[in-house]
Novice: 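Dropping the structure in here first, questions after.
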Amino acid sequence: MSGHATFEPKNPALKWFESRLPLVGLIHSSFIAYPTPRNLNYWWTFGGILSLMLACQILSGVVLVMHYTPHVTLAFDSVEHIMRDVSYGWLLRYIHANGASMFFIAVYIHMFRGLYYGSYKAPREVLWILGCIIYLLMMATAFMGYVLPWGQMSFWGATVITNLFSAFPVVGPTIVEWLWGGFAVDNPTLNRFFSLHYLLPFMIAGVVVLHIWALHVVGQNNPTGVDPKTPKDTVAFTPYATIKDAFGMVCFLIFFAWFLFYIPNYLGHADNYIPANPLVTPAHIVPEWYYLPFYAMLRAVPSKLGGVLTMFSAIIVLFFVPWLDTSKVRSGVYRPLFKQFFWIWVLVCIGLGWLGSKPAEGGYIIAGRILTIWYFAHFLIILPLLGLFEKPKAVPASITEAVLGKKGGAPASVGVSAPQTKG
Amino acid sequence: MNKLMSSLSIFSSSRASLRRGLIGAAVTGAVLAGGMAPALAAEGAPKPHRESWSFAGPFGKFDQAQLQRGFQVFKEVCASCHSAHLLAFRNLAQPGGPHFSEEQAKVVAEGYQVQDGPNDAGDMFDRPARLSDRWPSPFPNEQAARASNGGAYPPDFSTLAKARTYEVGFPGFLIDIFTQYQEQGPDYIHALLNGYVDPPEGFTVPEGAFYNAFFPGHAIKMPQPISADQVTYTDGTPQTVDQYSRDVTAFMMWVAEPHLEARKRLGFQVMIFLIVFAGLLYFTKKKVWKAVHDH
Amino acid sequence: MGVRGKETLVASTGTAETTRRDFLYIATGAMGAVGAAALVWPFISQLQPDASVLALSSTEVDIGQIQEGQIVTVKWRGKPVFVWNRTPKDIEEARATQLSALLDPVARNANLPADAPATDENRAAKDQEKWLVVIGICTHLGCVPIGHMGEYDGWFCPCHGSEYDSAGRVRRGPAPENLAIPPYHFVSDTKISIG
C-alpha cells in the first residue's frame with residue numbers, strides 16, 4: 001500500500017517479527033499514518049460504517065447458524081426457536097434482519113456520495129468498480145438470506161427472482177431448474193441458498209479488502225475533488241479520521257438501535273411470519289425495500305426478457321460511469337448543472353422505489369417507464385453531454401484554500417505528507 | 001452533529017421507509033411515498049381503529065392480568081380450532097408473559113394429553129403433558145383441520161399477531177417510525193373479532209361464510225367466535241366481546257413476541273448508552289480537531 | 001470499533017487543558033471498552049443450553065421387564081443410562097469391598113449429599129438394593145463402557161481400559177470418578193423416573 005511506512009519498532013521482539021512479516025507496519029501505514037484529506041465531511045464516514053455493518057452481519061450470522069436448521073419443515077420453526085428459546089436469540093436475529101437494511105441504507109448513501117463528488121473518476125475507476133461488485137454481491141447475499149426463514153415472502157420471493165432467469169431464450173428454463181435443484185423452489189433450493197448465503201459474505205469481505213487497498217493506492221477523494229498537494233492538505237488517519245468515523249458510527253448505531261429495539265419488524269413483511277405455502281401466493285408480492293427501484297424497472301418493460309435485461313443493465317451501467325462522465329471537474333460542488341441533474345436522478349431512484357411497491361397497473365406502469373428511461377438517460381445521455389456543455393465554477397487551487405479561503409496560512413504541523421501516487 | 005443527524009434523518013426517511021409496500025414518493029428528501037397494499041388490505045375494507053395497547057411504545061409492557069384473561073379466552077374458546085404449536089406450557093410461567101406460577105402451568109399442562117412413544121412394545125401412547133411440551137394442536141394435520149372447518153384452515157396462533165397488517169398509507173407509515181407504532185396486527189385482530197356485522201345491502205354472503213367488515217373480501221369462514229358472557233372472568237373484568245377480544249389479542253401478541261418486554265427494556269439501556277457515548281465522542285472529536293481548525 | 005488509537009491523541013498537544021482533556025479521552029475510551037464488552041455478552045450467552053433444552057423432561061423407564069442380571073440402556077438427556085437388575089452375588093461382592101480399596105471414595109449420587117461415601121447402599125437404589133442406575137459415560141473421556149466385562153464384574157471401558165465394579169465404582173484405569181448416578185425416583189414398583 002502507499003503512504004510512508006514510517007513505523008520503526010524499538011522493541012527487539014517486534015523488530016524481529018517486523019523484519020519477517022511487516023504486519024504492524026502495514027497497519028500503521030494504512031490506518032494510522034495514512035494521509036487523509038482534511039476536509040472530508042460526514043458523508044465520508046459511511047465507508048467505516050459499512051465495514052462495521054459487514055462485521056456485524058458476519059458475526060451475528062455465524063451465531064445464528066448455530067441454531068438455524070436449513071430444511072423446509074424445520075427452517076421456520078428453527079428461526080422462531082431462536083426468537084423464543086435461545087438466550088438473546090431474539091436480539092441476534094433482529095440484529096441480523098435489521099442489519100441487512102442498515103447495510104443497504106449505508107451503501108446507498110455511500111454510492112450517492114461517490115456519484116455526487118465524482119469519486120469514480122480517474123484514478124479511482126478500479127476502486128469504483130470494486131465497489132459495484134460489492135454491491136452486486138450484497139444484493140445476492142441479502143436475497144438468499146431473506147429466503148432462509150422460509151416464510152411466505154421467502155418462498156415467493158425466491159420463486160419470482162429465480163424465475164427471472166427463465167426469460168433467457170433456450171437455456172432459461174434449464175438454468176431455473178438448476179437453480180432450484182428440482183421443479184419448484186423446494187428443499188434443495190433452500191439448502192444451496194443457505195450454503196451460498198454463508199459463503200458470499202466472505203467473498204464480500206475479500207472484495208472489501210481489495211476496495212480498501214485500491215483506496216489506499218489512489219488516496220481518498222474529498223468534497224473539492226482537488227488532490228492533496230501539500231502536507232497541510234491532509235491529516236493523519238489516526239486520530240483525526242478515526243475519531244470522526246467513530247462518532248459517525250455511533251450516531252448510525254443509534255439509528256440502527258431505534259429500529260432494532262423498537263420497530264424491529266417495520267422493514268420486514270408481515271407475510272413472512274406465515275410459514276411458506278407452495279400452494280398459495282400472498283395477495284401482494286413485493287421485494288425488500290432495497291430492491292424496489294429495480295423491481296419497478298423490471299415491470300416497466302412489457303417484454304419478459306426485456307424487463308430482466310433492463311433490470312440487470314441498471315446495475316451494469318454503474319460500472320461504466322467513470323467513462324460516461326466526461327467532465328474534467330471531479331466534484332459536483334463546482335458543477336452547477338450536474339448538481340441539479342444529480343438530485344433529479346436521486347428523486348428518480350426514490351420514485352422508482354415507490355413505484356416498485358405499487359401494483360403494476362395503469363398510471364404506475366407509465367410513470368415507471370418514464371422514470372426508467374430517465375434513469376438510463378442520466379448515465380447514457382446527460383452525464384456525457386454535461387461534460388461537454390457545462391461551464392463549471394472555479395475550482396480551488398488546493399484543499400487548504402477551499403477550507404481557509406485564499407489566505408492559506410503557514411504549513412500546518414499536524415499534516416503528514418501526501419501519497420506520492422496521486423494521479 | 002446537527003448536520004450529521006439531519007442528513008441521517010433525511011436518508012432514513014427516504015431509503016429506509018420504502019418498506020413492505022406502505023409507501024410514498026419523496027419530494028426533496030422530506031416526503032416519501034406510499035405503497036403496496038399489504039396482505040390484508042381488502043378493497044373498500046375500513047382501516048382497523050388504532051387501539052391503545054399496554055405493550056405499545058418504547059416503555060410498553062404486557063398487562064399480566066390481561067394476558068392471563070387472554071389465555072383463558074384462548075384456552076376455552078380459540079384453542080378448540082386454532083393451534084399454537086410454538087407455545088410451550090413452560091412459557092406460561094415465563095417472566096414477561098402471563099407469568100403463572102410453575103405449579104399453575106403444570107396443572108394446565110396436565111389437563112392435556114400429548115402423544116409420546118414409541119414405548120418398548122413399539123406403540124405410540126398418550127400421556128399428560130409436561131411443562132416442556134408444546135401446546136397440542138386441535139387437529140392432527142392441516143387436512144383434518146380443513147375438513148372440520150368447511151375447507152378453511154384456522155391459522156396457527158404462534159406468530160399470527162405479527163403476520164397480520166393493513167395498509168397505513170402516506171404519510172402515516174413515516175410517522176410510525178417516530179411514534180414506534182408496531183401494532184397493526186393486534187389492531188386488525190381486535191377489529192376482526194368485533195367486525196361481525198350485518199352485510200350491507202346487495203352483498204351476498206357465500207354459503208358457509210360470514211360477513212366481517214374487516215376481513216379481506218368480507219366473507220370469512222370463521223363464525224363469530226365469541227359472544228358476551230361466554231367466558232367467566234373471576235376478577236370482575238367486564239365480560240363483553242370487546243373486552244374478550246382485547247384480552248385474547250394481547251395474549252396473541254405475547255405468543256408471537258414473547259420477549260417484547262426484554263427487548264424494549266434492553267433497548268432503553270442501549271439508547272442511553274449510545275447517546276452518552278456519542279456525546280463523549282463528539283467532544284473528543286472536537287478537541288482532537290481543534291489543532292487542525294486553528295490553522 | 002470506535003475507540004482506536006486513543007493513546008496517540010494524548011501526546012499531540014500539551015496545554016493547561018491537559019487534565020480536562022485527559023479526562024475526556026479516558027472517559028470516552030472507557031465507555032467504548034464497556035460497550036464492546038457488553039456487546040460480546042449476547043454472543044457468548046447464546047452458546048448456553050437454550051430454554052427448550054433446559055426444560056427437557058424426565059424419562060420414565062418401565063423396569064418390570066428387566067430380568068435378574070440384565071442391564072438395560074435407556075436414553076436420558078441424550079446420554080445412555082444403565083439400569084441393572086443385580087443378582088445377589090453382584091450385591092454381595094459390592095458390599096464386601098472396603099472403602100479403602102476404592103479409587104474414588106465418594107458416592108457421586110445426585111440423590112444424596114455430595115460427600116456421601118461410596119458404599120453400595122449409597123450407590124444402589126434406596127430400599128431397592130438390587131437396582132443400580134448409573135449414567136453410562138466413562139468418567140475418563142466419555143466413552144460408553146461395556147457391561148459384564150472386566151475383572152470386577154461391572155463395566156469395562158474399551159477406550160482406555162477403565163474398569164468398574166458391580167456398584168459402578170471405578171476400580172482400575174485412568175477414570176478419576178465412579179460412574180455418576182442421575183437424579184431418579186420410583187414412580188411405582190416397576191417404573192422409575194429419571195431426571
Side-chain angles (χ1 to χ4, degrees), chain A residues 38 42-43 77 80 83-84 90-91 94 101 104-105 108-109 232 235 239-240 243-244 246-248 250-255 257-271 273-274 282-284 286 288-290 292 347 350-351 353-354 356-359 404 409-410 412-414, chain B residues 1 3-5 7-8 11-12 14-21 23-27 32-39 58 86 91 155 158-160 162-165 176-177 180 182 184-185 216 256 258-259 262-264 266-267 270-271 274-275 277-278 281-282 284-285 288-289 291-292 295:
Chain A
R38 62 184 288 181
Y42 273 106
W43 298 117
D77 283 1
E80 280 301 316
M83 292 292 289
R84 286 154 197 272
W90 58 270
L91 175 66
Y94 278 152
S101 281
F104 274 97
I105 289 170
Y108 281 133
I109 293 174
K232 67 178 180 176
V235 292
Y240 299 99
I243 192 70
K244 196 167 182 172
F247 176 60
V250 172
C251 288
F252 189 79
L253 286 179
I254 292 173
F255 174 74
W258 185 272
F259 282 83
L260 169 59
F261 290 107
Y262 295 124
I263 46 175
N265 295 305
Y266 182 85
L267 295 163
H269 300 282
D271 278 318
Y273 279 109
I274 302 170
H284 295 276
V286 268
E288 288 289 83
W289 67 267
Y290 34 82
L292 287 175
L347 290 181
I350 294 171
W354 172 58
S357 70
K358 286 290 189 189
L404 302 177
S413 58
V414 293
Chain B
M1 181 175 191
K3 188 177 155 204
L4 175 64
M5 295 307 281
S7 39
L8 279 178
F11 272 93
S12 71
S14 50
R15 302 303 305 177
S17 48
L18 287 173
R19 52 120 182 192
R20 137 168 72 169
I23 322 345
V27 182
L32 276 228
M36 92 169 196
L86 296 173
N91 296 144
S158 305
T159 52
L160 196 57
K162 289 198 286 186
R164 292 291 180 269
T165 188
D176 288 348
I177 296 177
Q180 304 183 349
Q182 278 264 283
Q184 280 102 331
H259 296 297
R263 163 161 64 79
K264 294 188 174 185
L266 182 61
V270 169
M271 278 292 177
L274 287 177
I275 288 167
F277 190 31
L281 280 170
Y282 175 71
T284 305
K285 186 255 163 193
V288 168
W289 278 79
V292 180
H295 282 284

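On a predicted model such as this, the values are computed, not experimentally measured, just so you know. Numbers restart at 1 for each chain; the letters A, B, ... are given by sequence-line order, proteins then strands.
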Novice: To the nearest 0.5 Å, tell me how far F255(A) CZ sits from L274(B) CG.
Specialist: 13.5 Å
Novice: If you round to the nearest 0.5 Å, how far is CD1 of I243(A) from NZ of K285(B)?
Specialist: 9.5 Å
Novice: To the nearest 0.5 angstrom, please state how far the CD atom of E80(A) sits from the OG1 atom of T159(B).
Specialist: 5.5 Å
Novice: Taking all heavy atoms of L281(B) and all of A246(A), pick out the closest pair and write down the distance.
Specialist: CD1-O, 3.7 Å
Novice: Measure the OH-CD distance between Y262(A) and Q180(B) for me, rounded to the nearest 0.5 Å.
Specialist: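 Interatomic distance, Y262(A) OH to Q180(B) CD, rounded to 0.5 Å: 6.0 Å.
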Novice: Side chain, backbone, both or neither: which part of L266(B) has a non-hydrogen atom closer than 4.5 Å to chain A?
Specialist: both
Novice: Classify the angle between the aromatic ring planes of Y282(B) and F247(A) as parallel (below 30°), tilted (30 to 60°) or perpendicular (above 60°).
Specialist: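 Plane angle between 30° and 60°, so tilted.
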Novice: For P258(B), is it the side chain, the backbone, both or neither that has a heavy atom under 4.5 Å from a heavy atom of chain A?
Specialist: side chain
Novice: Please look at Y94(A) and chain B and tell me whether the side chain, the backbone, both or neither of the residue comes under 4.5 angstrom of a heavy atom of that chain.
Specialist: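 When you check distances to chain B, only side chain atoms of Y94(A) fall under 4.5 Å.
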Novice: Which distance, rounded to the nearest 0.5 Å, do you find between the CE of M83(A) and the NZ of K162(B)?
Specialist: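 Answer for the CE-NZ pair, M83(A) versus K162(B), is 4.0 Å.
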Novice: To the nearest 0.5 Å, tell me how far I254(A) CD1 sits from M271(B) CE.
Specialist: 7.0 Å
Novice: Are the side chain of R263(B) and the backbone of W90(A) linked by a donor-acceptor contact shorter than 3.5 Å?
Specialist: no
Novice: For F261(A) versus G267(B), what's the shortest heavy-atom pair and its separation?
Specialist: CG-CA, 3.2 Å
Novice: Would you please test R164(B) and I274(A) for side chain to side chain contact (heavy atoms under 4.5 Å, CB included) and show each step?
Specialist: CA-CA 9 Å; R164(B) 292 291 180 269; I274(A) 302 170; 3.6 Å; yes
